[in-house]
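Below is one structure, written out as structure tokens; comments come after it.
Predicted model, so just to flag it, every value in this text is computed and none were measured. No hydrogens, no waters, no symmetry mates; every other heavy atom, side chains included, goes into these values.
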Amino acid sequence: MSNFNNHDYYTAGQRYIEYELAHDAADAYAERTRAEPARSSTRSRRSARFSTALSLLILLPLYIYLPVWTTKQHFRLPEPKVEQYDMYSGLPQMSEKAILAHAKYLSEDIGFRTVGTREHALGDKYVHEQAKLIQAACQEAVKMAPTRRLECEVWRQEGSGTHRFDIMGKPVYKVYEKLSNIVLRISDGTRAGKAHALLLNAHVDSTAPSPGAADDAMSVGILLELARVFVHTPDWQPQHAISGIILSDTDFRQFQEYRNLTGLDMAVVGDSYLYHTRKDLVKHIQPGVAQHFAENVYAITKYLIDSPDSPLPKLAHSYTEPTSIYFSVIGRWFFLYSSDTAWLISGTMFAASLSMLLGTTDSNDVNLILQAILGVWGSLFGAVLAASVAASIMSRVFGAGMTWFSNEYSPFVLYGPPALAGALGAQYFLTARTSPTEARRFESATLQATHLFNIGSAMLLQVYNLGSSSLFTIFSLGSLCALLVNTFLNSMSRRVDWTNIHLTAYAVAQIIPLTVGTELAVGMMSIFVPLTGRMGEVAPVEHIIAVMTAVLGFFIFSLALPFVHRLRRSVLLSTIISISMASAMIMFAFALAASPFDAMHQKRMFVLHYEDLNTNEHHLHLAAADGAPGFSELVHDISKQFTQLFHQPVPVLMDDNNADWDIIYPFSQFLTPYKIPLPPAFGYQSPFVSSFTVKSVDDIYNYRTNTRSLKLVIKHPGVIWTALAFDAHVLNWSIDSPPEPRFTRHHIKQASFYGVNEWELHLTIAVPSGRPEKVRFDFMGIMEKGSWPGKKHDPQDGPAMMLFEDLDAYVRQHTGDAVDLMLLG
């Protein structure tokens with residue numbers, strides 16, 4: 001008999017069935033696990049890490065603090081020193097107060113020191129006297145310490161010359177007549193000590209519309225103060241000579257091209273809204289700027305003339321292209337290394353990156369990383385494209401260009417959001433056809449792709465010996481550190497998942513972009529935003545600033561690309577739409593804003609009162625150097641106000657053949673000019689009709705060679721900044737640089753010292769037609785007493801200065817002092 005009853009059989013059968021069901025469920029679970037190994041790990045990873053919103057909240061203080069701190073450090077200035085001697089050591093020190101005293105005397109007590117004016121001559125005299133005072137102090141110091149090897153020599157050079165100086169791709173030939181240099185040389189008095197000298201220079205003159213406190217009276221003051229400090233330092237004596245030259249006209253490129261010298265070009269670039277305007281005054285120089293500039297010059301000079309490791313003897317032979325890379329980080333750390341070292345650094349980082357990726361990346365993820373690299377490039381393109389579209393809307397649809405001009409950081413507010421939407425949009429479309437599992441793995445792949453983008457860009461730029469490769473090297477260092485930290489944290493987990501990205505890795509990865517990237521951004525914007533005010537109407541400044549904003553923002557916040565893959569695609573799409581809507585509202589608010597110009601961020605306007613000595617016609621020429629709206633309306637208002645009978649302003653084509661603006665050629669190519677006829681002043685007779693002459697002397701035609709030789713004699717008493725332009729095939733001339741070997745238009749600009757009123761030009765011209773033809777010479781200049789307000793205390797008699805005084809007052813009142821006028825007669 002069986003011992004099982006019905007109940008026992010049912011129970012046993014039920015257990016068997018339960019066992020079979022459990023076994024089937026386990027098999028199915030194992031099969032699903034094998035089929036989708038990443039899904040369970042993704043779920044466990046998501047449950048183990050912070051939510052996206054909480055992650056953003058945790059990282060937010062880092063995103064706020066580091067850019068703010070970096071910006072403060074970038075613009076940090078030393079405390080200005082008032083006393084010329086240290087109160088504790090008694091040693092001389094660079095004093096900002098003394099530097100600015102020189103700058104104020106030159107820029108305000110003397111005033112606008114345009115080359116050729118009386119004020120320029122007074123500035124020359126002042127600097128010469130100051131140099132002689134330093135020489136006297138030097139001689140007295142040697143008397144007090146006879147064993148001290150110290151010699152100070154001062155002389156005033158005066159010379160004439162010619163050379164070619166290409167500007168903006170345009171050849172310009174310069175003629176100098178009896179211009180001066182004030183030279184102060186400090187040495188140990190020996191021939192060996194003078195053999196390898198360091199040349200420091202600044203220029204005493206200022207440009208036409210400016211008193212030139214920062215450009216360049218402050219630099220003149222720094223050189224004078226530097227010489228004082230060295231001379232008054234007890235027992236100091238240089239190993240190499242130092243020569244300070246105060247020039248009348250200078251640009252470092254001239255030393256490099258014509259004397260084969262190497263060196264550094266240093267200038268004040270911050271707040272360049274006031275550059276070459278009448279508000280370039282000492283009161284507008286930020287406290288600490290002169291001190292910072294002076295201490296840098298002092299440190300470099302002392303190293304080069306005192307250090308036994310000074311490279312001066314090696315540099316004296318000839319100029320060679322630089323092979324070193326140097327940069328500073330937030331004004332605290334300075335880096336200098338050779339291009340070979342740069343290759344070693346980038347190569348080592350690339351090898352380390354490749355080794356780490358091979359050790360932590362599954363073979364199935366290689367294609368995913370390649371897609372992510374395309375995604376990084378796509379995000380960069382998307383950011384640029386979206387910002388460019390926004391720029392087109394602002395300038396063409398709203399007609400509100402340059403609304404960001406008065407604040408260097410405004411472009412980030414205006415074009416940062418659309419650039420972000422464009423970058424995220426590329427990531428959204430990248431994952432459009434991927435499975436949810438692959439989409440989640442894009443976070444790790446995009447972080448790795450961002451790093452490969454940085455290190456690859458660094459090596460590519462290094463191939464062309466571009467110093468900017470260092471920027472990508474620094475960024476790749478940050479992303480490499482993040483990947484190493486993330487790999488370490490993953491290796492410490494119970495269940496190793498190399499695709500898991502820890503929040504700590506994001507924090508580490510963002511430190512360098514938020515510091516170095518921010519410093520790069522604020523530095524570039526502080527230069528380029530003010531510069532757009534003088535780039536011309538045709539320059540696409542709106543797009544230039546928009547693209548710069550997009551690119552800079554991309555590098556600063558590139559870690560947003562992998563981070564957004566923590567979001568579901570629907571949430572990512574909603575985020576992109578929200579950012580786009582916010583961009584539209586911001587753009588609309590900018591379009592409704594008032595004029596971008598104000599009293600400290602002025603529009604540049606150029607005004608010429610033009611007298612044609614051949615026809616006795618008078619014209620008022622008005623021009624702007626930016627594309628902001630409103631200039632045409634201002635021109636028409638001026639025409640109604642200052643012409644007896646309203647004359648419609650005539651737009652003028654600006655090209656190489658427009659001789660009306662040759663005094664500022666080739667910068668004149670940036671101008672948008674108008675021309676207004678003026679009635680001659682009643683009873684006015686120009687004093688320049690008989691004295692301002694251009695004559696051809698020794699004009700000889702050679703029938704054998706079909707050439708014409710002549711000498712132009714130009715007399716210009718009371719006229720400065722003379723400019724000559726003509727069309728011809730010049731075979732040779734008295735200018736040192738050879739002419740263009742074809743028929744073309746030539747531009748010659750002349751500068752001379754105050755009281756020098758004549759210059760000559762010898763020419764031999766090809767005559768292809770076989771018979772001599774007339775050559776048209778366009779010649780113009782500025783009245784020495786015809787600039788406002790530079791000459792308002794010593795004006796030229798005539799209608800120009802009377803008009804300028806009234807016009808200046810009208811424009812200032814009409815625009816709220818938002819326009820800086822350059823008024824020249």
Any idea how Phe667 and Phe670 line up, ring-wise: parallel (<30°), tilted (30 to 60°), or perpendicular (>60°)? perpendicular
Taking Ser160 for the side chain and Lys178 for the main chain, is one N or O donor matched with an acceptor at less than 3.5 Å? yes
Do Pro80 and Lys97 have side chains that approach each other closer than 4.5 Å (heavy atoms only, starting at C-beta)? no
Taking all non-hydrogen atoms of both residues into account, name the closest pair between Gln93 and Glu83 and its distance. NE2-O, 2.9 Å
Can you find a pair of side-chain heavy atoms, one from Tyr754 and one from Ile720, that are under 4.5 Å apart? no
Closest non-hydrogen atom pair, His292 against Pro78: CB-CD, 3.5 Å
Closest heavy-atom contact between Ser526 and Ser272? O-OG, 3.9 Å
Taking the side chain as every heavy atom from C-beta outward, state whether Lys675 and Tyr610 have any pair of such atoms under 4.5 Å apart. no
Would Arg228 pass as a cation-pi partner of Tyr298, given that its NZ or CZ must be under 6.0 Å from the six-membered ring centre and within 45 degrees of the axis? no
Grab the two heavy atoms, one from Ala98 and one from Glu225, that are nearest each other, plus how far apart they are. CB-OE1, 3.6 Å
Taking Met801's backbone N and O only, do any of them form a donor-acceptor pair with Gln796's side chain (distance below 3.5 Å, no angle check)? no
Apply side-chain contact (heavy atoms from CB on, under 4.5 Å) to Ile305 and Ile186, showing your working. CA-CA 10 Å; Ile305 65 175; Ile186 304 175; over 6 Å; no
Would you call the rings of His747 and Tyr665 parallel, tilted or perpendicular, where under 30° means parallel and over 60° means perpendicular? parallel
Any side-chain heavy-atom pair of Val819 and Gln602 under 4.5 Å: no
Looking at every heavy atom in both Val289 and Glu96, which two are closest together, and how far apart are they? N-OE1, 3.7 Å
Sidechain N-carboxylate O distance under 4.0 Å for Lys279, Asp820: no
Using modelled atom types and a 3.5 Å cut-off, is there a donor and acceptor pairing between side-chain atoms of Asp216 and backbone atoms of His203? yes
Could you check Phe606 against His621 for ring-ring contact (aromatic ring centres under 6.0 Å, His included), going step by step and ending with a plain yes or no? CA-CA 8 Å; Phe606 304 84; His621 293 261; over 10 Å; no
Begin with the C-alpha distance, continue with both residues' side-chain angles, and end with the deciding distance and a verdict on side-chain contact (heavy atoms from CB on, under 4.5 Å) for Ser410 and Phe590. CA-CA 10 Å; Ser410 292; Phe590 268 80; 4.1 Å; yes
Name all residues meeting the side-chain hydrogen bond (donor to acceptor under 3.5 Å, both in side chains) criterion together with Arg604; count only those two or more places apart in sequence or in a different chain, and write none if there are none. none
Pair Phe688 and His716, ring centroids less than 6.0 Å apart: no
Backbone N/O of Leu824 and side chain of Ser787: donor-acceptor pair under 3.5 Å: no
Do Phe75 and Val522 have side chains that approach each other closer than 4.5 Å (heavy atoms only, starting at C-beta)? yes
Verify, without hydrogens or angle tests, whether Arg534 (side chain) and Thr532 (backbone) share a donor-acceptor contact under 3.5 angstrom. no
For Thr71 and Pro67, indicate whether the former's side chain and the latter's backbone hold a donor-acceptor pair under 3.5 Å. yes
Where the side chain of Tyr409 meets the backbone of Met525, is there a donor-acceptor pair that is under 3.5 Å apart? no
Check the pair Leu622 / Leu634 against side-chain contact (heavy atoms from CB on, under 4.5 Å), numbers first and verdict last. CA-CA 10 Å; Leu622 306 171; Leu634 178 59; over 6 Å; no
So, Gln135 side chain and Cys152 main chain: donor-acceptor pair closer than 3.5 Å or not? yes
Are Val220 and His102 close enough that some pair of their side-chain heavy atoms sits under 4.5 Å apart? no
Does Asp280 use its side chain to pair, donor to acceptor, with the backbone of Ala214 at less than 3.5 Å? yes
Kindly indicate whether the side chain of Gln291, heavy atoms from C-beta on, has any atom under 4.5 Å from the side chain of Glu79. no
Side-chain donor-acceptor pair present, Glu542, Trp404, cut-off under 3.5 Å: yes
For this output row, return yes or no: ring centroids of His163 and Tyr176 closer than 6.0 angstrom. yes
Which heavy atom of Ser406 sits nearest to which heavy atom of Asp598, and what is that distance? CB-OD2, 3.8 Å
Do Ile544 and Phe528 make a side-chain contact, defined as non-hydrogen atoms from C-beta onward lying under 4.5 Å apart? no
Ser95 side-chain N/O to Lys81 backbone N/O, donor-acceptor pair under 3.5 Å: yes
Go through the steps for His609 and Leu678 under the test side-chain contact (heavy atoms from CB on, under 4.5 Å), then give the verdict. CA-CA 9 Å; His609 182 280; Leu678 293 175; 3.8 Å; yes
salt_bridge(Arg185, Glu153) N-O dist < 4.0 Å: yes
